[in-house]
Structures are given as C-alpha cells and as structure tokens.
K.L.:
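A single structure is presented below for examination.
FYI, side chains are in, hydrogens and waters are out, and symmetry mates aren't considered; it's all heavy atoms of this structure.
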Amino acid sequence: MQYSQLGRSALRVSKLCLGTMNFGPRTSRVESFEILDEAVEAGINFIDTADQYGGDLGVGTTESLLGSWLAQDPSRRDRLVLATKVHEPMSDDINDRGLSARHIRNACDASLKRLGVDHIDLYQMHHIDRAAPVDEIWQAMDRLFTQGKITYVGSSNFPGWAIARANEKATARQQLGLISEQSLYNLIERRAELEVIPACREYGLGLIPWSPLAGGLLAGLEQEDKGRRQSEGIQNSRAERAEQLEGFEHLCAEVGEIPGAVALSWLLHQPVVAATIIGPGSVAQLKSVLHVPDIELSEQTLDALDDLFPACGEAPEAYAW
C-alpha cells in the first residue's frame with residue numbers, strides 16, 4: 001500500500017480510503033467485517049463513515065457496526081485514521097441536524113459512543129449549512145479539539161467559496177482549519193475542477209473523491225452488476241454514454257487493467273487527490289483494486305482519458321476506437 005499526506009497536515013493516509021456507506025444496509029455484518037479485516041491486512045489505514053449511514057436499518061447503524069468490529073481487537077484503533085461526518089438529520093428533532101454548535105457537540109458525542117472510541121481523527125462537515133455562522137462552527141470544533149474528541153476537521157460537498165471562507169476564518173482564529181474536502185469527482189463528473197480543486201490547492205486541502213466509479217458506469221460491463229448498477233438511472237446513463245464507455249473499455253484493455261482500476265488510478269494521478277474512496281461490496285471486489293496505487297499511467301494514456309472524458313467546458317473529440 002502507498003500513503004500520502006492528507007492536505008497540508010502531517011497525517012499520512014493510505015491512497016485507498018475504505019468507504020463504509022453500504023456496510024449494514026447492503027453488505028452484511030459478516031461480510032463487512034471480512035472486508036475490514038482484509039483492508040487492514042492489505043495496509044489500508046483510512047476508514048470513512050458518517051453518522052447518518054445506515055439506510056433502512058436506521059441512522060447510526062454503520063458507525064455501530066464499525067464500533068463492534070473495532071471492539072474485536074481494540075489494538076488496531078491506534079493504527080487507523082478514522083473519519084466520520086456531521087450534518088445530516090439524525091431524527092425528527094429540528095435541532096438534530098445541521099452545523100449548529102449544539103448539534104456538532106451532541107453529534108460528536110453520539111458518534112464516539114457508537115464507534116466505541118475516545119476520539120475521531122478526521123471530523124468532516126457532510127454538507128454546507130448556510131444558516132450556521134462560520135464563527136459558531138469553528139467555536140464548536142475548537143471545543144472538541146480542546147476536549148481531545150477530534151484531531152482534524154474536513155469538509156464534504158463544499159463549494160470552493162465555502163472552503164475559502166472556512167479557512168480564512170480559521171486563519172483569523174489562528175487555527176489550522178480544513179485539511180481535506182470529500183467531493184464528487186470522477187472521469188465522468190469533473191465539475192470539481194472548476195472551483196473546488198483550485199480552492200483545495202490554494203488552501204492546502206487534500207481531495208478525497210467519492211463515487212470514483214460514477215455509480216458503476218466506470219466499472220466495466222464485465223464486472224458483476226448489482227445494486228446501483230442495475231438501477232434504471234444507471235442503465236439509462238450507460239446507454240447514453242455507450243460509445244464513450246466502449247472507448248474507455250477498449251483503452252483499459254490496451255493498458256491491461258480492468259476499467260475500475262484505471263478510473264481509480266486516474267484519480268490518484270491528480271496532484272490534489274490524497275486518497276480516493278472505494279466502496280467494495282465483497283472481499284473479491286476489494287482485492288481487485290488493492291494494486292491501484294501501484295499503477296503508473298503513461299502521459300499518452302492520461303491524454304487519451306482526457307479525450308474520452310473532457311474536462312468541463314471542453315467538447316469531446318470523436319471516439320476513434
């Protein structure tokens with residue numbers, strides 16, 4: 001496994017970050033534990049979750065599952081970078097959501113309890129809260145720092161201007177500020193390049209892309225289809241992009257890698273990306289991408305990928321495959 005610094009912090013994380021959104025509602029407890037065991041054995045030290053994850057089983061389910069796994073061997077906690085999130089509604093209570101100082105305090109305590117740990121390494125704001133003053137947010141985070149409950153703060157789904165505002169306020173308060181941004185970013189969805197990535201570069205945030213395979217579109221037709229890949233929306237998108245995806249699979253065959261591995265590797269070739277989320281539904285899926293950090297894509301291949309999947313504002317060239 002390869003590691004990188006998370007933004008301008010000194011924290012080092014594996015270039016593959018194990019996403020756990022489906023642990024519990026889609027992936028059974030037993031299989032989730034097997035994936036976690038295999039990931040740690042392979043050198044992955046970065047695990048991402050959120051307080052709201054749980055699907056039909058209820059909010060908090062995934063954090064509780066992770067807590068049960070950690071309890072099996074408490075010694076591995078100190079070897080892991082544990083990340084979770086705050087913002088999403090946790091109940092019908094009007095104050096049990098958002099980024100008010102009250103909710104940040106209560107949500108952090110609840111996450112710590114479910115996870116069975118005494119601190120969270122990376123506490124991420126799941127979405128921007130336009131009603132919450134930035135000074136209030138940083139005051140709440142500063143209290144958690146002082147109490148030893150969190151170590152770093154990151155953002156998720158923030159626009160570029162919100163990243164800039166948050167870190168300018170943090171600087172004024174003589175605080176480190178945000179060290180990471182978790183954003184939707186992949187070969188198909190590249191709008192983060194317009195303002196989010198420039199903001200991350202300017203303020204020293206490491207980017208952590210989520211949905212790196214575009215809901216399965218970039219996983220390849222030969223990979224097992226299940227879950228979201230069978231949804232009507234994904235199937236329609238696949239049909240609309242049939243020629244483009246065919247060209248992508250042809251290119252991957254020339255490179256000698258499965259499409260999912262190439263899509264993940266492309267992200268890791270972007271300078272601002274510190275790690276990419278992976279969300280395997282089985283141990284086999286996890287093993288199929290563990291080598292991704294070692295893949296070296298040539299300049300020719302990177303240029304071909306840009307031709308197939310142009311950056312925002314660029315017109316696609318004809319697919320000559």
K.L.:
Can you tell me if N157 uses its side chain to pair, donor with acceptor, with the backbone of H127 under 3.5 Å?
P.N.:
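No: the side chain of N157 does not pair with the backbone of H127.
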
K.L.:
I'd like to check L176 versus R8 (side-chain heavy atoms, cut-off strictly below 4.5 Å). Are they in contact?
P.N.:
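Result yes, sub-4.5 Å side-chain heavy-atom pair found.
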
K.L.:
Can you tell me if CD on Q72 sees more than 12 non-hydrogen neighbours from other groups inside 6.0 Å?
P.N.:
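More than 12 heavy atoms, drawn from other residues, nucleotides or ligands, come within 6.0 Å of this atom.
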
K.L.:
Report yes if the side chains of F46 and L11 come closer than 4.5 Å at any heavy-atom pair, otherwise no.
P.N.:
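No - every pair of side-chain heavy atoms lies 4.5 Å or more apart.
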
K.L.:
Would you check if F158 and V196 make a side-chain contact, meaning some heavy-atom pair closer than 4.5 Å?
P.N.:
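F158 does not reach V196 side chain to side chain.
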
K.L.:
Do the side chain of S265 and the main chain of A261 share a donor and acceptor less than 3.5 angstrom apart?
P.N.:
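Not a single qualifying donor-acceptor pair exists.
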
K.L.:
Hey, does the side chain of H269 reach the backbone of L297 with a donor-acceptor pair shorter than 3.5 angstrom?
P.N.:
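Checking the backbone N and O of L297 against the side chain of H269, a donor-acceptor pair under 3.5 Å is found.
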
K.L.:
Closest approach of G177 and A170, non-hydrogen atoms and distance?
P.N.:
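Between these two residues, the closest heavy atoms are CA-CB, 3.5 Å.
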
K.L.:
Starting from the C-alpha separation in whole Å, work towards a yes-or-no answer on side chain to side chain donor-acceptor pair (under 3.5 Å) for E189 and S211.
P.N.:
CA-CA 9 Å; E189 175 51 79; S211 193; over 6 Å; no

K.L.:
Do you know which two heavy atoms are closest between G148 and H119, and how far apart they sit?
P.N.:
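Residues G148 and H119, closest heavy atoms: O-CB, 3.3 Å.
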
K.L.:
Look at the side chain of E299 and the backbone N and O of D303, then say whether any donor-acceptor pair between them is shorter than 3.5 Å.
P.N.:
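Not confirmed, E299 side chain does not pair with D303 backbone.
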
K.L.:
Using a 4.5 Å cut-off on heavy atoms from C-beta on, say whether the side chain of P280 contacts that of V289.
P.N.:
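Of all side-chain heavy-atom pairs linking P280 with V289, none is under 4.5 Å.
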
K.L.:
Give a yes or no answer on whether the side chain of Y152 reaches the backbone of I179 with a donor-acceptor pair at less than 3.5 Å.
P.N.:
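Such a contact is absent between Y152 side chain and I179 backbone.
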
K.L.:
Does the Y123 side chain pair with the main chain of K149, one donor and one acceptor, at a distance under 3.5 Å?
P.N.:
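No; judged by distance alone, with no hydrogens or angles, the pair does not exist.
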
K.L.:
If you take all heavy atoms of C108 and I120, which pair is closest and at what distance?
P.N.:
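That would be SG-CD1, 4.2 Å.
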
K.L.:
Using side chain to side chain contact (heavy atoms under 4.5 Å, CB included), reason through L70 and L82 one step at a time and then give a plain yes or no.
P.N.:
CA-CA 11 Å; L70 286 167; L82 190 59; 4.2 Å; yes

K.L.:
Under 4.0 Å between a side-chain nitrogen and a carboxylate oxygen: does that hold for D306 and R190?
P.N.:
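Yes, charged N to carboxylate O under 4.0 Å.
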
K.L.:
Between Q2 and P293, is there a donor-acceptor pair closer than 3.5 Å when you use the side chain of the first and the backbone of the second?
P.N.:
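Side chain of Q2 to backbone of P293, a donor-acceptor pair under 3.5 Å: yes, one is there.
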
K.L.:
Do D129 and R97 sit within salt-bridge range, that is, some charged N less than 4.0 Å from a carboxylate O?
P.N.:
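No.
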
K.L.:
Do I208 and T276 pass the side chain to side chain contact (heavy atoms under 4.5 Å, CB included) test, and can you show the C-alpha distance, the side-chain angles, and the key distance before you say yes or no?
P.N.:
CA-CA 5 Å; I208 309 168; T276 182; over 6 Å; no

K.L.:
Do you know which two heavy atoms are closest between K85 and T49, and how far apart they sit?
P.N.:
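The answer is NZ-O, 2.9 Å.
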
K.L.:
Measuring from atom CG of L264 to atom CG of L16, what distance do you get when rounded to the nearest 0.5 angstrom?
P.N.:
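Atom-to-atom, L264:CG and L16:CG are 7.0 Å apart.
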
K.L.:
Take atom CG in N95; do more than 12 heavy atoms of anything else shown fall under 6.0 Å from it?
P.N.:
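Counting neighbours around CG of N95, more than 12 heavy atoms of other residues, nucleotides or ligands fall under 6.0 Å, so yes.
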
K.L.:
Say whether, by atom type as modelled, one donor and one acceptor occur between the side chain of T62 and the main chain of F23 under 3.5 angstrom.
P.N.:
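It does hold such a pair.
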
K.L.:
To the nearest 0.5 Å, tell me how far I197 CD1 sits from Q270 CD.
P.N.:
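Going from the CD1 atom of I197 to the CD atom of Q270 covers 7.0 Å.
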
K.L.:
Main chain of K15, side chain of S4: is a donor-acceptor contact present, judged purely on distance under 3.5 Å?
P.N.:
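Side chain of S4 to backbone of K15: no pair is present.
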
K.L.:
Restricting to non-hydrogen atoms, name the atom on G260 and the atom on L213 that form the minimum distance, rounded to 0.1 Å.
P.N.:
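So the minimum-distance heavy-atom pair works out to O-CD2, 3.6 Å.
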
K.L.:
For E63 and S111, does a side-chain donor sit closer than 3.5 Å to a side-chain acceptor?
P.N.:
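Distance-only check passes for E63 and S111.
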
K.L.:
Mind listing the closest non-hydrogen atom pair of L245 and L217 along with its distance?
P.N.:
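What the structure gives for the nearest pair is CD2-O, 3.6 Å.
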
K.L.:
I'd like to check M125 versus L178 (side-chain heavy atoms, cut-off strictly below 4.5 Å). Are they in contact?
P.N.:
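Side chain of M125 against side chain of L178, heavy atoms only: contact under 4.5 Å found.
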
K.L.:
In terms of side-chain geometry, is the basic nitrogen of D121 or R77 positioned less than 4.0 Å from the acidic oxygen of its partner?
P.N.:
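Between R77 and D121 there is a salt bridge, with a charged N closer than 4.0 Å to a carboxylate O.
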
K.L.:
Does the side chain to side chain contact (heavy atoms under 4.5 Å, CB included) test come out yes or no for S155 and E181, once each step is laid out?
P.N.:
CA-CA 5 Å; S155 58; E181 158 63 17; 2.5 Å; yes

K.L.:
Taking atom CG of D92 as the centre, report whether more than 12 heavy atoms of other residues, nucleotides or ligands fall under 6.0 Å from it.
P.N.:
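No.
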
K.L.:
When you measure from the side chain of S288 to the backbone N and O of Q285, does any donor-acceptor pair fall under 3.5 Å?
P.N.:
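Yes; at least one donor-acceptor contact below 3.5 Å.
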
K.L.:
Is the closest side-chain heavy-atom distance between L6 and L122 below 4.5 Å?
P.N.:
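SC-SC contact between L6 and L122 confirmed.
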
K.L.:
Is the CZ atom of R191 crowded by more than 12 outside heavy atoms at less than 6.0 Å?
P.N.:
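No.
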
K.L.:
Give the C-alpha distance, both sets of side-chain angles, the deciding distance and a yes or no for side chain to side chain contact (heavy atoms under 4.5 Å, CB included) between L267 and L187.
P.N.:
CA-CA 8 Å; L267 286 169; L187 277 166; over 6 Å; no

K.L.:
State, with a plain yes or no, whether a side-chain heavy atom of V40 is found less than 4.5 Å away from one of W69.
P.N.:
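Side-chain contact under 4.5 Å: yes.
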
K.L.:
Is there a donor in the side chain of S14 and an acceptor in the side chain of N45, or the other way round, less than 3.5 Å apart?
P.N.:
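There is such a pair (donor and acceptor under 3.5 Å, judged by atom type) between the side chains of S14 and N45.
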
K.L.:
For residues S68 and F33, determine if any side-chain heavy atom of one lies less than 4.5 Å from a side-chain heavy atom of the other.
P.N.:
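The answer is yes, as the side chains (C-beta and beyond) meet within the 4.5 Å cut-off.
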
K.L.:
For the rings on W266 and Y185, is their centre-to-centre separation under 6.0 Å?
P.N.:
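Yes - the distance between ring centres of W266 and Y185 falls below the 6.0 Å cut-off.
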
